[in-house]
Amino acid sequence: MAEKEVQDFWEKNKIYNFDPSRKKHIFTIDNPPPTISGKLHIGHIFSFAQTEIFARFKRMQGYNVYFPIGFDDNGLPSERFVEKELNIKASAISRDEFFEKCSTATKHYEEKFESLLKSMGFSYDFNLKYSTISDDVRKISQTSFIELAEESKAYLKESPVLWCAECQTSVAQAELNPKEKDSYFYYIPFKVENDILEIATTRPELLCGVVCIFVNPKDKRYLKYVNKKAIVPLYNFEVPILSDSEVCIDKGTGAVMCATFGDAKDVEWFNKYSLPYKNVILKHGRINENVNFIGSLNIKSAKNKIVKLLEENKSLIKSEKITHIVSTHERCDREIEIIPSKQWYVDILNRKEKLLSIANQINWYPFSMKNRYIAWVNNIKWDWCISRQRYFGVPFPVWYCLNCGKPCFAKKQWLPVDPIKFNYKDKCNKCGCSEFTPEKDVMDTWATSSLTPQINLSNLNKLINNNCNIFENKNVENFLPMSMRSQAHDIIRTWTFYTILKSLYHFDKIPWQNIMICGFVLAKKGEKISKSKGELKFDPKTLIKTHTADALRYWAANTKLGVDTFFDPNDMKDTKRFMTKLWNCSKFVISHLEDFKIKEKKATKFIDKFIINATNKIISEACNLIENFEIGLARHKIDDFFWKDFCDNYIEIVKERLYQPKIHGEEERKSAQYASYYCLINILKLYAIYVPHLTEYIYIKADFKKFEKSPSLHMLLWEENLKNKVSYDEEIIFFGEEVKNLISSVRKLKSQKNMSIKESIDSVTINCYKKHKSFFIDTEKDLIACLKAKKILYTFKS
RNA sequence: GGGAGCAUAGCUCAGCUGGUUAGAGCACUUGCCUUACAAGCAAGAGGCCAUAGGUUCGAGUCCUAUUGUUCCCACCA
């Protein structure tokens, strides 16, 4: 209830609204727009919370933080989600109708997402919200495409492409998931003259598509066959036998059939040796009807039938059970086929070196995550296919000349445009023809998601320079690179990679100076939380309800950056303990501030100076850690200070001075008031980024406004900020440590003797450095009260 | 097969550029109702810092190798 109250207060007072009039020290954050494909899970909360905590930190450092949220609603993930949710097939209804259903569904979920994000207290400026299917974003995405196409960085090509027969679309390498599957190795005899060459294959249904046989040039067993012809069983046609060093001698029989297309290797050989193409598997996942024996069957039945025929024909030597890893489509788990078709691609293979070197200009946190990017770029085998034969996406702004086939691009003033609904209003500049056919494909969702810096900066530019188009107004480049990107490590090969690629192409610049990469929340070691398993247990809405948003946030700031973690509801005990402690501690300090005047900023007692200096030190240390995105390590440091130094020691020391000015003196009490106020307000500020509701609630309820002149805790700055560095006196801090040791020894003694803490003792002898004696004498009354000692004596260490 | 991370108390983890008896929280044991907090306070027990070498006056920290573990990439014949 208190959290909701505080959230309403923030919203009403526009605490987190971006202020375009403050043009200095703008800090821009490229924050992940969640995909609208179901629920936000605990992993989102974990990673979003870490980013958000950092954003709050920057705000409290005095930066004008540009921190928008977006929703990635367009694209295949949303389509698949809608198909499942409504139990429909996109292909079964009209394009418009399906688009409409997707729009409605995504809109509905966006509202849910937004309300969940708000209930976490995430300080996005929701006025800056964007959606990737919106007109503005479609315009940016289409502009990007046209620019790339005009510079030949994007191109149209007929060639073998990765194909998902389930989703009925081409896909990109980044969308492949390796999956271990059970299969059989079938050993099949191919006749070569009067000899038999045995071949092992997992895909006998492709026998009719065999175009060649390869052996390794170092494989003495088979050299005699090279350049001869082999006869394909069942189909009885001849194929050449060639040698290629890429053939693994110890795999199968060491002789391999190359079909069009069984796998990526086939494509490689197809290109390398200009092999003929045989159209076996069609886009809907069935065999070409013209193929003998298996025409029109699906792949599985075709395989079974061929195996049966081979057996009957005594052409199956043996079959061997194996498990092998196949590429599946990440959205539906269906095995990927390779089928030639005409698609739009973005050039990657020619830019690998630049893509590798430019990564060095970005600061990676944690640094080792850069390796994943490097490994990915190094291993890319395909240019980025950006066409999708789908519906709920950004259309290609392209028409094809009916006469000569030339692709004609939309004029920029037409954008955003759907070529299906809008005629190309010009003549073909190649042949002059004025009849066109529209491109029906839409773009890969990443083709748009990879433009989040451009989207963010266009919106920022709109606010500041009143001009929305980043591609036209180069002023916007002043904000490029953005200050930071944040994300989890699973999308380095997609979001990170594609964004860097596009930024390189459009601006020849890195997209952001820093990238902060969070870990994953796992159910147990190595196992991602899936939607089916333990959905309720990890449902953020339920967790907020049972544990509060602040508790989840505090938990999210528990780890080192980039490290995967587990969610255990038991961990929430710690959090509750902490929140109660902060509440009680605040209550105590506030109860002694009734007559406190902020103008009397003076700590006269050394022990008060100690805690103020220690506070400053912890602020400085926390700043250093968080600047390196280590919000978890910073939190632990702050916890330690808050709990041990402030609560367990300092408060115990000054308690009586606060309660009994008659014994300790009015001035002395004021000094304690000031020190405890200073510490509390700074502790609240430190924790404001982690537990914004609780701290704000304390701030409001205790009417801190009268001291700090700000309606909200979150509009205050940390003592150490953009313009101010805190200082602290190590000598005084050392003295404070000595006092803590002293107290600890007395407590130990009492504990060993089973004495109550409040039982008095006759005398305490302090062993200290001579130069600190005056400090201790200054603290004597406090110590007598705290230790319940009757008198204090001294000895000195050298 | 290539690469990266991790290996410290029963559990979850800190230990920065090598420096005195290795830290925290949870759990455990004991004591304490202390004018904020028993969801608390105090004290205690618990570690050949994965293994083996090496560098160094000195290694949890640096180097080499090994083992275990997790992840990324590759592996579809």
Side-chain angles (χ1 to χ4, degrees), chain A residues 176 178-181 183 185-186 199-203 206 210 213-214 246-248 251-259 261-266 269 322-328 335-336 338 366-381 489-490 492-493 519-520 522 525-526 558-560 562-566 568 570-571 573-574 576-592 624-625 628 630 632-633 636-637 639-640 643-644 647-648 651-652 655-656 658-660 743-744 746-759 786 788:
Chain A
L176 303 184
K179 210 156 202 178
E180 200 170 78
K181 295 221 167 167
S183 182
F185 236 154
Y186 298 98
I199 287 194
T201 179
T202 55
R203 303 206 62 177
L206 286 176
V210 173
I213 285 171
F214 284 101
E246 299 260 309
V247 175
C248 301
K251 202 163 192 170
T253 63
V256 51
M257 69 181 213
C258 171
F261 294 96
D263 63 21
K265 194 97 233 159
D266 291 340
W269 280 327
I322 56 161
T323 56
H324 64 166
I325 291 161
V326 294
S327 287
T328 61
E335 289 182 33
I336 287 291
I338 298 170
F367 185 71
S368 63
M369 289 294 176
K370 189 170 108 180
N371 292 327
R372 298 204 185 183
Y373 171 87
I374 300 289
W376 178 251
V377 175
N378 273 326
N379 282 304
I380 288 177
K381 291 204 174 76
H489 55 58
D490 58 328
I492 290 174
R493 68 180 189 179
F520 244 80
L522 307 172
K525 272 218 158 83
N558 190 40
T559 54
K560 218 172 156 166
V563 175
D564 290 342
T565 191
F566 314 100
D568 180 352
N570 271 333
D571 295 344
K573 278 193 209 152
D574 290 2
K576 277 183 192 154
R577 203 174 135 260
F578 158 72
M579 301 213 304
T580 309
K581 189 75 179 175
L582 185 59
W583 177 258
N584 285 323
C585 162
S586 304
K587 202 170 70 182
F588 172 81
V589 173
I590 291 160
S591 74
H592 289 281
N624 286 337
L625 285 167
N628 286 304
E630 291 292 0
L633 300 186
H636 284 290
K637 262 205 182 301
D639 284 345
D640 204 44
W643 211 294
K644 293 272 166 67
C647 292
D648 293 347
I651 287 182
E652 292 304 323
K655 221 175 214 177
E656 194 188 83
L658 285 166
Y659 278 116
Q660 308 281 2
I743 293 171
S744 175
V746 175
R747 284 171 175 169
K748 187 169 175 173
L749 182 91
K750 288 185 178 177
S751 183
Q752 278 168 352
K753 303 205 164 183
N754 285 356
M755 291 162 74
S756 161
I757 293 287
K758 68 174 181 184
E759 241 179 283
C786 172
K788 305 279 186 274

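In what follows, chains are A, B, ... by sequence order, proteins preceding strands, each numbered from 1. Excluded from the calculations below are hydrogen atoms, water molecules and symmetry mates; all remaining heavy atoms, backbone and side chain alike, are included.
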Rounded distance in Å - [atom1] ([X]) to [atom2] ([N]):
X: A/Arg747; N: B/A42; atom1: CZ; atom2: C1'; answer: 7 Å
X: A/Lys576; N: B/G40; atom1: NZ; atom2: C1'; answer: 17 Å
X: A/Ile199; N: B/A77; atom1: CD1; atom2: P; answer: 13 Å
X: A/Lys587; N: B/U35; atom1: NZ; atom2: C1'; answer: 12 Å

Please report the distance separating the [atom1] of [N] from the corresponding atom of [M], rounded so that it comes out in whole Å.
N: B/A9; M: B/A45; atom1: C1'; answer: 11 Å
N: B/G54; M: B/U61; atom1: P; answer: 14 Å
N: B/A27; M: B/G53; atom1: P; answer: 40 Å
N: B/G1; M: B/A14; atom1: P; answer: 30 Å
N: B/C28; M: B/G2; atom1: C1'; answer: 46 Å
N: B/U70; M: B/C13; atom1: P; answer: 14 Å
N: B/G40; M: B/G3; atom1: P; answer: 49 Å
N: B/A50; M: B/C11; atom1: P; answer: 14 Å

Among [options], the one nearest [X] by side-chain distance:
X: A/Lys748; options: B/G44, B/A42, B/A77; answer: B/G44
X: A/Phe185; options: B/U34, B/C41, B/A77; answer: B/A77
X: A/Leu633; options: B/C76, B/A14, B/G44; answer: B/A14
X: A/Arg493; options: B/C76, B/C37, B/C73; answer: B/C73

Value rounded to 0.5 Å, distance of [atom1] in [X] from [atom2] in [Y]:
X: A/Phe367; Y: A/Asn628; atom1: CZ; atom2: CG; value: 13.5 Å
X: A/Leu633; Y: A/Thr559; atom1: CG; atom2: OG1; value: 8.5 Å
X: A/Ile213; Y: A/Met257; atom1: CD1; atom2: CE; value: 8.5 Å

Evaluate the side-chain proximity of A/Arg747 to A/Glu652: yes if any heavy-atom separation is below 4.5 Å, no if none is.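 A side-chain contact exists here, since the closest heavy-atom pair is under 4.5 Å.
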Report which part of the nucleic acid [X] touches: base, sugar-phosphate, or nothing (heavy-atom distance under 4.0 Å, all strands).
X: A/Lys265; answer: nothing
X: A/Asn570; answer: nothing
X: A/Val563; answer: nothing

Non-hydrogen atoms of [X] and [Y] that approach each other most closely:
X: A/Val256; Y: A/Ile199; result: C-CD1, 4.3 Å
X: A/Ile651; Y: A/Cys585; result: CD1-SG, 4.1 Å
X: A/Phe566; Y: A/Asp571; result: O-OD2, 4.2 Å
X: A/Phe214; Y: A/Val247; result: CB-CG2, 3.6 Å
X: A/His324; Y: A/Ser183; result: NE2-CB, 3.3 Å

Side-chain donor/acceptor contact of A/Ser327 with base of B/C76 under 3.5 Å: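 Yes.
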Looking at [X], does any N or O in its side chain come under 4.0 Å of the phosphate oxygens OP1/OP2 on [N]?
X: A/Ser744; N: B/A43; result: yes
X: A/Lys758; N: B/A42; result: no
X: A/Lys560; N: B/C13; result: no
X: A/His324; N: B/C75; result: no
X: A/Trp643; N: B/G40; result: no

Judged by each residue's nearest nucleotide on RNA chain B, which is more toward the 5′ side, A/His636 or A/Lys381?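 Going by which nucleotide is closer to the 5' end, it is A/His636.
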Mapping A/Cys585 and A/Ile338 onto RNA chain B by nearest heavy atom, which one lands closer to the 5' end?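 The residue mapped nearer the 5' terminus is A/Cys585.
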Give me the distances for all protein-to-nucleotides 1-4 of chain B N/O pairs that come in under 3.5 Å?
none

Reading nucleotides 22-31 of chain B 5' to 3', which nucleotides get B (base under 4.0 Å from a protein heavy atom), which S (sugar-phosphate only), which -? --SSS----S
May I ask you to decide if A/Ile757's main-chain N or O and A/Lys750's side chain share a donor-acceptor pair within less than 3.5 Å?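 Here the side-chain-to-backbone pair exists.
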Donor-acceptor contact below 3.5 Å, side chain A/Asp263 vs main chain A/Asp266: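 At least one qualifying donor-acceptor pair exists.
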Would you sketch RNA chain B in dot-bracket for me? Only Watson-Crick or G-U wobble pairs with both distances under 3.5 Å count, crossing pairs as [ ], other-strand pairs as |, the rest as dots. (((((((..((((.....[...)))).(((((.......))))).....(((((..]....))))))))))))....
